[in-house]
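Structure first, commentary second.
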Amino acid sequence: MNYYPEITPKEEVETDNVISHFILDFIDEDMAPGGQFEGLKVHTRFPPEPNGFLHIGHAKAIVIDFGTAELYDGLCNLRMDDTNPEKEDESYVKAIKQDIHWLGYDWGDRFYHASDYFEETYGYAEELIEKGLAFVCEQTPEEMRDARGTLTTPGTNSPWRDRPIDENMDLFRRMRAGEFPEGRYTLRAKIDMTSGNLNLRDPVIYRIAHKEHHRTGDTWCIYPMYDFAHPISDALEHITHSLCSLEFEDHRPLFDWVVANCSLPSKPRQIEFARLNINYTVMSKRKLRAIVEEGLVDGWDDPRLPTLSGLRRRGYTPRAIRDFCERNGVSKVPSVVDVKFLEYCLREDLNKRAPRAMSVLDPVRLTITNYPEGQSETFTVDNHPNDPKAGSHEITFSRHLLIEREDFMEDPPPKYYRLYPGNLVRLRGACIIRCTGCVKDDDGTVTEVFAEYIPGTYGGASPPGERVRGTIHWLDEETAVPCEVRLYDHLFTVEDPDGDTRDYHELLNPNSLTVLKNAFVEPWLATTHSKIGYQFMRQGYFIEDNHDSTNEHLVFNRSVSLRDSYKPEI
RNA sequence: UGGGAUGUAGCCAAGUGGUAAAGGCACGGGACUUUGACUCCCGGAUUCGCAGGUUCAAGUCCUGCCAUCCCAGCCA
C-alpha cells in the first residue's frame with residue numbers, strides 16, 4: 001500500500017463548527033473601520049520548527065491559523081521557523097508539508113523560511129545597534145544567568161551594556177565574519193534588567209553558532225534567536241495576526257518591542273491561545289522523539305502516537321481531526337481533552353462514509369448441519385445501511401462458516417442475545433439459525449458450534465413467529481481471506497503521563513498493541529482497498545496498514561471500535 | 001517575596017449586568033433496529049474557585065483571598 005498522502009480536496013473536509021471566540025473578536029476589531037488593520041486582508045501564518053513531526057496539537061494550531069484566514073477570505077503562509085541549525089533538519093520539512101496538505105490546507109506559493117530573512121534580520125540588528133538599543137556582550141552563559149537575577153529579584157546590568165555604538169557595530173560585524181568562537185560574544189537587546197518579565201532583561205538576540213544550516217549552509221555563523229527573528233519574519237510577510245500558544249504570552253512585550261524599534265514594513269499583532277492536550281498520551285516533541293528513538297513504537301507514524309502521520313496510519317480522517325479541533329473551541333484555559341471525544345469525531349465521520357464489511361477476528365467454526373456439504377450460494381449485501389448510493393457487494397454462504405468466538409456461549413448470562421444452545425440468531429445478510437450445540441477439546445475450549453438454518457429466512461425474511469434479538473457477523477470458511485489485524489489501546493496507562501512523577505517507561509501501556517494473526521475478512525476486501533477503510537460490522541472501523549498491507553498479506557489497523565452498550569449481567 | 005495568565009457539571013465550552021445558566025463529549029434510562037452500531041427521546045449546575053461589597057437586578061462590576069498553569073536556554 002503505502003500511498004502518498006495527497007492534498008485532501010477542500011469539500012472533503014468542510015466542517016461548519018466555527019463558533020465565535022476571542023481571537024475572532026480581536027480580528028473583527030482590527031479589521032473594522034478605525035481598527036489597526038482596516039482595509040487589509042487578514043493574513044496569518046503557521047510557523048513550525050522543522051525538528052520533529054507534527055502532532056494533533058499542531059493540528060489545532062493549523063486549524064486556527066489556516067482556518068481563521070479562510071474564514072476571513074484571507075491568507076495563511078507556511079513558514080519554517082529554522083533559526084537553530086543545531087536541531088533542525090530538511091527531512092522534517094517534507095513530512096510537515098505532507099501533513100498540512102493531508103489536513104486539507106494549502107499555502108499556495110507562500111512557503112517561506114525564517115532563514116530566507118537572515119540578511120534582513122541581520123540588518124535590523126545593526127539598526128538596533130545604531131540606535132543604541134543593542135550591545136555586544138561578553139558574559140559567559142554562567143555570568144549571564146547569574147546577572148539575570150531570579151523570578152523575584154531584579155537582574156544587574158552587563159558590564160558591556162554601555163559599550164560604544166561603534167565598538168558594538170565592529171564586534172557584531174566581526175561576529176558575522178566568523179572571527180570568534182561560539183560563545184565568545186552575543187548580541188543583546190538593551191531593555192530593562194529590572195523588569196518583572198525575564199524576557200525583557202536584555203535578551204540575547206543573536207548567538208554565534210559555527211553550525212551548518214540545512215538551507216543556508218555555512219553562509220552564516222551567527223543566528224538570530226526566536227524572539228528577534230519571529231516578529232521580523234511576521235512583519236516582512238505582512239502578517240496581520242500572529243497566532244501562537246499561551247507560553248508566548250510573556251514574550252509579547254518583546255515581540256512588540258522589536259516591532260516598535262525596527263523599521264519594519266508592518267506591525268503584526270500577536271494573540272495567544274491555549275494549546276491542545278489529550279489524556280492518555282503525550283504531546284511534547286521531546287517525549288515523542290524519545291519514544292520513537294528508543295524503538296518503543298514503530299516510528300513517528302506508529303498508529304498509537306498522536307502524530308498526524310500516526311493518526312493517518314491509524315485510520316483517522318482529515319475531516320475527523322479538523323472537526324475535533326473546531327468542536328473543541330478556542331480559549332485560554334489550559335485544558336486536557338478526553339480522548340473519547342477524538343474517537344467520537346472519527347466515528348461520526350466514518351459512520352457516514354465507511355463501507356460495511358464482515359470480518360472475524362477470533363474465529364471458531366460454525367457448521368450448519370442441515371445445509372448440504374459442497375453446496376454454496378451467494379447473497380448481495382449493502383455497502384451502507386443508510387446510504388443506498390454506496391452500492392452493494394456479494395458474499396458467499398455454505399455449510400461451514402466462521403463466527404466470532406465470543407458470539408457463542410454454552411452457558412450464557414441473562415440477556416445474551418447471541419448463540420447458545422436452543423437460541424435463534426440472525427446471520428447478518430443471510431438467514432436465521434437455531435443453535436444446536438458445540439464440541440470442545442480436552443481443555444474445554446469450544447472447537448466447533450452447530451446450528452440449523454430456518455428455511456424461508458434467507459435474505460432477511462421475517463422471523464417465524466419468534467423474536468430474533470441477536471444478529472451476528474460471519475464468513476464463509478471456503479472464501480474467507482486470512483489477514484492480520486492490529487488492535488490499539490492507549491499508549492499510556494495513566495491519564496496524565498506528564499503530570500506523573502514516575503519514569504514514563506513505567507507508564508507505557510504494555511497492551512497498547514494486540515496483533516491478531518488468525519483473523520479473516522470477506523474476499524471483497526482483497527480487491528477494494530477503500531482509502532477510508534471499512535466498518536467491520538459490530539466491531540469497529542479498520543483500515544489497511546499503509547506500511548505492511550499487501551494483496552498477499554492483508555493487514556488491518558483498528559482505527560476505533562464501535563460504541564458498545566452491551567453490558568453482561570452477571 | 002516578581003511578572004504573565006486562567007478558574008462555569010467528569011471533560012471541552014457558550015455567556016460582554018436584566019425574567020428560567022447554551023451546546024457537545026462522557027455517563028444513565030428508554031424507543032427503534034437484519035450492526036447490542038446508527039438514529040430518536042428523556043435525565044444532570046437552586047448555581048458559575050471562595051468571601052465580602054455595589055446594584056431594583058451579578059457568572060457578568062468592585063475589593064480581598066484561594067487554586068492551577070507559564071517564565072530565570074547563547075531552544076522554539
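When reading the values below, keep in mind they use all heavy atoms of this one structure, side chains included, and skip hydrogens, waters and symmetry mates. Just so it is clear: chains get the letters A, B, ... in the order the sequence lines come, proteins before strands, and each one is counted from 1.
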Between [N] and [M], how far apart are the two [atom1] atoms, rounded to whole Å?
| N | M | atom1 | result |
| --- | --- | --- | --- |
| B/C40 | B/C56 | C1' | 45 Å |
| B/U8 | B/G4 | C1' | 23 Å |
| B/C41 | B/C50 | P | 34 Å |
| B/A22 | B/A9 | C1' | 14 Å |
| B/G17 | B/G53 | C1' | 15 Å |
| B/U46 | B/U55 | P | 28 Å |
| B/A76 | B/C71 | P | 15 Å |

At 4.0 Å (heavy atoms only), tell me whether [X] reaches a base, stays on the sugar-phosphate, or touches nothing.
| X | answer |
| --- | --- |
| A/Asn51 | nothing |
| A/Arg428 | base |
| A/Leu151 | base |
| A/Glu272 | nothing |
| A/Met225 | sugar-phosphate |
| A/Lys415 | base |
| A/Tyr206 | nothing |
| A/Lys87 | base |
| A/Asp250 | base |
| A/Phe536 | nothing |

Closest listed nucleotide, where the reference is the side chain of [X] and the choices are [options]:
| X | options | answer |
| --- | --- | --- |
| A/Lys340 | B/C27, B/C75, B/A37 | B/C27 |
| A/Arg207 | B/C25, B/C75, B/C38 | B/C75 |
| A/His21 | B/U35, B/U16, B/A14 | B/A14 |
| A/Thr83 | B/C12, B/A76, B/G73 | B/A76 |
| A/Asn199 | B/C70, B/G2, B/C71 | B/C71 |
| A/Ser565 | B/A5, B/C25, B/A37 | B/A37 |
| A/Asp564 | B/G36, B/A37, B/C25 | B/G36 |

Tabulate below the donor-acceptor pairs under 3.5 Å that side-chain atoms of residues 532-542 of chain A make, not counting sequence neighbours, or state none.
from, atom 1, to, atom 2, distance (Å)
A/Tyr534, OH, A/His529, N, 3.0
A/Tyr534, OH, A/Ser530, N, 2.9
A/Gln535, NE2, A/Tyr541, OH, 3.1
A/Arg538, NE, A/Thr471, O, 3.3
A/Arg538, NE, A/His473, ND1, 3.3
A/Arg538, NH2, A/Asp407, OD1, 2.9
A/Arg538, NH2, A/Asp407, OD2, 2.3
A/Gln539, NE2, A/Ser359, O, 3.1
A/Tyr541, OH, A/Asn351, N, 3.4

Syn/anti label of B/G64 as read from its glycosidic torsion, with the cut at 90° from 0: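 Anti, angle beyond 90° from zero.
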
Sub-6.0 Å ring centroid separation between A/Phe397 and A/Tyr453: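 A/Phe397 vs A/Tyr453: aromatic centres not under 6.0 Å.
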
Interatomic distance, [X] [atom1] vs [N] [atom2] [rounded to whole Å]:
| X | N | atom1 | atom2 | value |
| --- | --- | --- | --- | --- |
| A/Ile222 | B/C74 | CD1 | P | 16 Å |
| A/Ile395 | B/U35 | CD1 | P | 14 Å |
| A/Leu419 | B/G36 | CG | P | 12 Å |

Intermediate values then yes/no, ring pair (Phe, Tyr, Trp, His ring centres under 6.0 Å), A/Phe255 and A/His251: CA-CA 6 Å; A/Phe255 183 100; A/His251 295 245; over 10 Å; no

A/Arg45/A/Glu237 salt bridge by N-O under 4.0 Å criterion: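 Salt bridge flag = no for A/Arg45 with A/Glu237.
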
Ion pair A/Arg207/A/Glu86, N-O distance below 4.0 Å: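 Salt bridge absent between A/Arg207 and A/Glu86.
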
A/Phe324 and A/Phe341 aromatic ring geometry - parallel, tilted or perpendicular at 30°/60° bounds: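 The arrangement is tilted - the two ring planes meet at 30° to 60°.
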
What are the atom names and distances for every N/O pair under 3.5 Å that joins the protein to nucleotides 7-9 of chain B?
none

A/Arg176 NZ/CZ over A/Tyr122 ring centroid, <6.0 Å and within 45° of normal: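 Yes, A/Arg176 sits over the ring of A/Tyr122.
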
Stacking check A/Tyr417 vs B/G36 (5.5 Å / 30 deg):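 Ring-base stacking flag set for A/Tyr417 and B/G36.
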
Donor-acceptor pair, side chain of A/Asp362 and main chain of A/Arg405, under 3.5 angstrom: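 No.
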
Any side-chain donor near an acceptor of the partner, A/Ser91 and A/Asp89, under 3.5 Å: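 A/Ser91 vs A/Asp89: donor-acceptor pair found between side chains.
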
